[in-house]
Amino acid sequence: MSAPLAGKFQDHYEVLGIEPKADIETIQSAYGALSEKYHPSNPATGDQEAFDAVNLAYEILSDPSLRKEFDKLKGAGTEEALPQFAGLDFFVSLGRETSLRMALLCILYDRRRANPLRPGLSMRHLEMMMAATSDELVFALWYLKQRRFAMSDDKSSLQITVDGMDFLETSRPSPEVVMPMLKPASIASSKLSPHAILHVASSPVAAPAAVPELLPAEILRLVQQERPAPSEPSSALKALREALAGAAGRIGSH
């Protein structure tokens, strides 16, 4: 972490020109504009000292734990309401938080694979894609950054790291975990061949929700039945194979 300029206290909110309750999107927007304005390479408005101050402000305010500590320092002596424990909602959220982190990593992995030259996604993009609040996303991203599974680039966009890719490939989250965390509009239509559909639908870790728009109703009903272990083929899986063979033409027309 950078040292405060000239050893003096810096009001990071004032430097960025934002309110103390500003969300992460507002912080990123202010930082982007000011860092460009004061960058030393800018012949008109470049200012190294101001640029350093903006970078320090963003470094503190974009990190939830550092921002919390700064808020305590800045607001020393102010009274706060008595903190409350979330109760039963806390225990429910534990499973959701895990799913949300997995979904975020999947999105960032997919983005890097599809756009290797522009692998980053902004917070705005993530909010548009994820079925989660801004606070939930900030909390999940804090965890991923602490584990070094994700990072911010020089434009404040989020990217998956090599450690994040290795973790995802080792953990191999199922569609049941990831898909509910995504907004329907952010999911591309699948273009799977009948053979690929059979592989996905019969996999012990696959979810029927991954390919519903491609499966005829009678096949989808078969897929949704309990899947057997790989060593114990069932009549449902045999029927699935037969149904897929007969419905290949209909599937290919989607």
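Positions are given from 1, in the same order as the sequence printed here.
The distance from the NZ atom of Lys145 to the CZ atom of Arg148 is 12.5 Å, given to the nearest 0.5 Å. The distance from the CG atom of Leu158 to the CG atom of Leu104 is 8.0 Å, given to the nearest 0.5 Å. In this structure, the separation between CG on Asp11 and CZ on Phe70 is 4.5 Å, given to the nearest 0.5 Å. Here the CG atom belonging to Leu61 is positioned 8.0 Å from the CD1 atom belonging to Ile24, to the nearest 0.5 angstrom. Atoms CD1 and CD1, on Ile27 and Ile60 in that order, are 11.5 Å from each other to the nearest 0.5 Å. Separating the OG atom in Ser35 from the CG atom in Asp52 is a distance of 12.0 Å, to the nearest 0.5 Å.
Listed by first and then second residue, the salt bridge (Lys or Arg N to Asp or Glu O under 4.0 Å) pairs involving residues 92-105 are Arg96-Glu136 (not counting sequence neighbours). Residue pairs meeting the salt bridge (Lys or Arg N to Asp or Glu O under 4.0 Å) criterion with at least one member in residues 104-118, sequence neighbours excluded, are Asp110-Arg113. Residue pairs meeting the side-chain hydrogen bond (donor to acceptor under 3.5 Å, both in side chains) criterion with at least one partner in residues 162-171, sequence neighbours excluded, are Tyr109-Glu169.
With Asp153 contributing its side chain and Ser157 its backbone, the two residues share a donor-acceptor pair below 3.5 Å. At least one donor-acceptor pair closer than 3.5 Å links the side chain of Gln10 to the backbone N or O of Ala53. Formation of a donor-acceptor pair under 3.5 Å by the Thr45 side chain with backbone atoms of Tyr38 is not found in this model.
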Going through the checks in order, is the side-chain contact (heavy atoms from CB on, under 4.5 Å) test met by Ser134 and Glu127?
CA-CA 7 Å; Ser134 296; Glu127 289 177 346; 2.6 Å; yes

Should Leu108 and Gln159 be marked as a side-chain contact (heavy atoms from CB on, under 4.5 Å) after you check the CA-CA gap, both sets of side-chain angles, and the distance that decides it?
CA-CA 6 Å; Leu108 295 177; Gln159 299 183 14; 5.9 Å; no

Going through the checks in order, is the ring pair (Phe, Tyr, Trp, His ring centres under 6.0 Å) test met by Tyr58 and Tyr31?
CA-CA 6 Å; Tyr58 179 75; Tyr31 168 74; 4.2 Å; yes

Checking side-chain contact (heavy atoms from CB on, under 4.5 Å) for the pair Met123/Leu141: CA distance, chi angles, key distance, verdict?
CA-CA 10 Å; Met123 191 67 177; Leu141 288 169; 3.6 Å; yes

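Evaluation of the ring-ring contact (aromatic ring centres under 6.0 Å, His included) rule for Phe91 yields no partner, not counting sequence neighbours. Partners of Glu25 according to the salt bridge (Lys or Arg N to Asp or Glu O under 4.0 Å) rule, which considers only residues two or more places apart in sequence or in another chain, are Arg124. Contacts of Ser186 classified as side chain to side chain donor-acceptor pair (under 3.5 Å), with partners at least two apart in sequence or in another chain: none.
In the hydrophobic clustering of ILVMFWY residues, with side-chain heavy atoms under 4.5 Å counting as a link, Leu66 and Tyr13 come out together. Put simply, Leu100 and Phe139 are part of the same group of oily side chains (I, L, V, M, F, W, Y) that touch within less than 4.5 Å, one to the next. With hydrophobic clusters built from ILVMFWY side chains whose heavy atoms lie under 4.5 angstrom apart, Ile18 shares a cluster with Leu73. Taking hydrophobic clusters as Ile, Leu, Val, Met, Phe, Trp and Tyr residues chained together by side-chain heavy-atom distances below 4.5 Å, Ile187 shares a cluster with Leu121. Met151 and Leu137 are assigned to two separate hydrophobic clusters, defined by single-linkage of ILVMFWY side chains at heavy-atom distances under 4.5 Å.
Ring geometry for Phe85 against Phe90 counts as tilted: the plane angle lies between 30° and 60°, on a 0 to 90° scale.
A donor atom on one side chain and an acceptor atom on the other are not found under 3.5 Å apart for Glu59 and Asn55. A donor-acceptor contact closer than 3.5 angstrom is absent between the side chains of Lys155 and Ser122.
Taking the side chain as every heavy atom from C-beta outward, Val178 and Ser99 never approach each other to under 4.5 Å. Residues Pro20 and Asp71 fail the side-chain proximity criterion, which asks for heavy atoms closer than 4.5 Å. Between Thr161 and Leu144 the shortest side-chain heavy-atom distance does not fall below 4.5 Å. Considering only heavy atoms from C-beta on, Asp47 stays 4.5 Å or farther from Lys37 through its side chain. With contacts defined as side-chain heavy-atom distances shorter than 4.5 Å, the pair Met129/Lys183 does not qualify.
Enclosure of atom CG in Leu94 by more than 12 non-hydrogen atoms of other residues, nucleotides or ligands within 6.0 angstrom is indicated. Heavy-atom contacts from other residues, nucleotides or ligands closer than 6.0 Å to CD of Gln146 number more than 12.
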